[in-house]
Amino acid sequence: MLLEVKDASVNYHKVSAIRNITLQAPESGIVTIIGGNGAGKTTTLRAISGLAKLSGGEIWFEGQRIDRLPPEKIVARGIAHVPEGRRVFPDLTVEENLRTGAFLRRDKAQIEADLEVVFNRFPRLRERRTQFAKTMSGGEQQMLAIGRALMAKPKLLLLDEPSMGLAPVIVEEIAAIIEEISKQGVAVILVEQNAELALELADHAYVLETGDLVLEGKARDLHENDHVRRAYLGA
């Protein structure tokens, strides 16, 4: 397994956010975490990327424990995180935002090559490479946030609510981008409130409810699960 989260718990000011979460991500494919507001989905991603400290449990990546490392060391190991709300740098240009994703890298020639790869994957970013990020639409900012993460050359990409606030046609475009990234060998953990989209994209799925892991299995199986259909698919 590429990533193993073992009995992980996180507390915020003595309030339990997640409790004894165990999940895995293989070296390829898409794993999704679904659940309602306050379920612990974002906290789980923040724990993996080192932004939330564990109160119990362990996190292992490529056979090495990482939960005691600072976030920049975790990025250097090969984990990139696209947070909820995109959080691009508003007063930097598109190109400057993308280059911040490579701030830990020293392979200058490869950075330039990877910048071209991102521009080829996201033609709109090439068109707007000198435009300030704050002037872009929500969908364009989401593409920019994903492109910035890819500039870190991740082995594992964490995506937190990439469809939030976007028009349906843009959601379809972002979904196609996620599938393409996965097919090119980057493992993905996708957090989504849009459970229909998440289960359609993913190979394996976990369901969190108020900090507890309540279900897991193949995404297509959970799509047909009665509880999941009632709680998250509107059936």
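All values reported here derive from a predicted model rather than from experimental measurement.
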So if you build clusters from Ile, Leu, Val, Met, Phe, Trp, Tyr with side-chain heavy-atom gaps below 4.5 Å, do [X] and [Y] land together?
X      : Y      : value
Leu159 : Ile170 : yes
Val186 : Ile79  : no
Leu158 : Leu2   : yes
Leu54  : Tyr206 : yes

When you compare the side chain of [Y] with that of [X], does any pair of heavy atoms fall below 4.5 Å?
X      : Y      : answer
Ile74  : His81  : no
Met143 : Arg128 : no
Thr44  : Val5   : no
Ser9   : Ser55  : yes
Gln193 : Asn37  : yes
Arg77  : Gln64  : yes
Arg148 : Val118 : no
Leu199 : Val228 : yes

Are any side-chain N or O atoms of [X] and backbone N or O atoms of [Y], one a donor and one an acceptor, separated by less than 3.5 Å?
X      : Y      : answer
Asp107 : Gln110 : no
Glu216 : Leu23  : no
Thr32  : Ala205 : no
Asp160 : Val191 : no
Asp212 : Val214 : no
Glu58  : Lys6   : no
Lys41  : Gly36  : yes
Asp203 : Ile30  : yes

Exercise: identify the closest heavy-atom pair between [X] and [Y]:
X      : Y      : result
Gln142 : Ile174 : CG-CD1, 3.9 Å
Tyr232 : Val207 : CE1-CG1, 3.7 Å
Phe132 : Pro90  : CB-O, 3.8 Å
Ala133 : Val88  : CB-CG2, 3.8 Å
Val171 : Leu166 : CG2-O, 3.7 Å
Ile146 : Phe122 : CG2-CZ, 4.0 Å

Pairwise distance [atom1]([X]) to [atom2]([Y]) - rounded to 0.5 angstrom:
X      : Y      : atom1 : atom2 : value
Met151 : Thr100 : CE    : OG1   : 9.0 Å
Gln24  : Ile189 : CD    : CD1   : 10.5 Å
Asp221 : His204 : CG    : NE2   : 9.5 Å
Trp60  : Met1   : CH2   : CE    : 16.0 Å
Leu98  : Phe119 : CG    : CZ    : 5.5 Å
Thr43  : Ile48  : OG1   : CD1   : 11.0 Å

For Asn120 and Arg126, run side-chain contact (heavy atoms from CB on, under 4.5 Å): C-alpha distance rounded to whole Å, both residues' side-chain angles, the deciding distance at 0.1 Å, then the answer.
-> CA-CA 8 Å; Asn120 289 335; Arg126 184 190 297 277; 2.7 Å; yes

So His223 and Glu196, side-chain contact (heavy atoms from CB on, under 4.5 Å) or not? Walk me through it.
-> CA-CA 8 Å; His223 189 278; Glu196 188 75 50; 2.6 Å; yes

Could Asp114 and Arg105 be called an ion pair, given the rule that one side-chain N must be under 4.0 Å from one carboxylate O?
-> yes

Could you tell me whether Arg99 and Glu112 make a salt bridge, using a distance below 4.0 angstrom between a side-chain N and a carboxylate O?
-> yes

Could you tell me whether Arg65 atom CZ has more than 12 heavy atoms of other residues or ligands within 6.0 Å of it?
->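 Check passes, neighbour count above 12.
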
Please say whether more than 12 non-hydrogen atoms of neighbouring residues, nucleotides or ligands are located less than 6.0 Å from NZ in Lys218.
->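 Open.
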
If you link I, L, V, M, F, W and Y whenever their side-chain heavy atoms are under 4.5 Å apart, who else ends up in the same group as Leu92?
-> Phe89

Are Glu192 and Ser163 close enough that a side-chain donor and a side-chain acceptor fall under 3.5 Å?
-> yes

Of Glu95, Glu96, Glu140, which is the lone residue that meets salt bridge (charged side-chain N to carboxylate O under 4.0 Å, His left out) with Arg129?
->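 That would be Glu95; it is the only one of Glu95, Glu96, Glu140 passing the salt bridge (charged side-chain N to carboxylate O under 4.0 Å, His left out) with Arg129.
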
Please list all pairs passing the salt bridge (charged side-chain N to carboxylate O under 4.0 Å, His left out) test where one or both residues lie in residues 161-185, with sequence neighbours left out.
->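 Pairs touching residues 161-185 that pass the test: Arg121-Glu180, Arg124-Glu173.
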
Full working for side-chain contact (heavy atoms from CB on, under 4.5 Å) between Arg68 and Lys53 = CA-CA 8 Å; Arg68 296 169 177 169; Lys53 295 303 179 185; over 6 Å; no

Report the residue from Val10, Thr42, Asn11 that forms a side-chain contact (heavy atoms from CB on, under 4.5 Å) with Ile18.
-> Val10

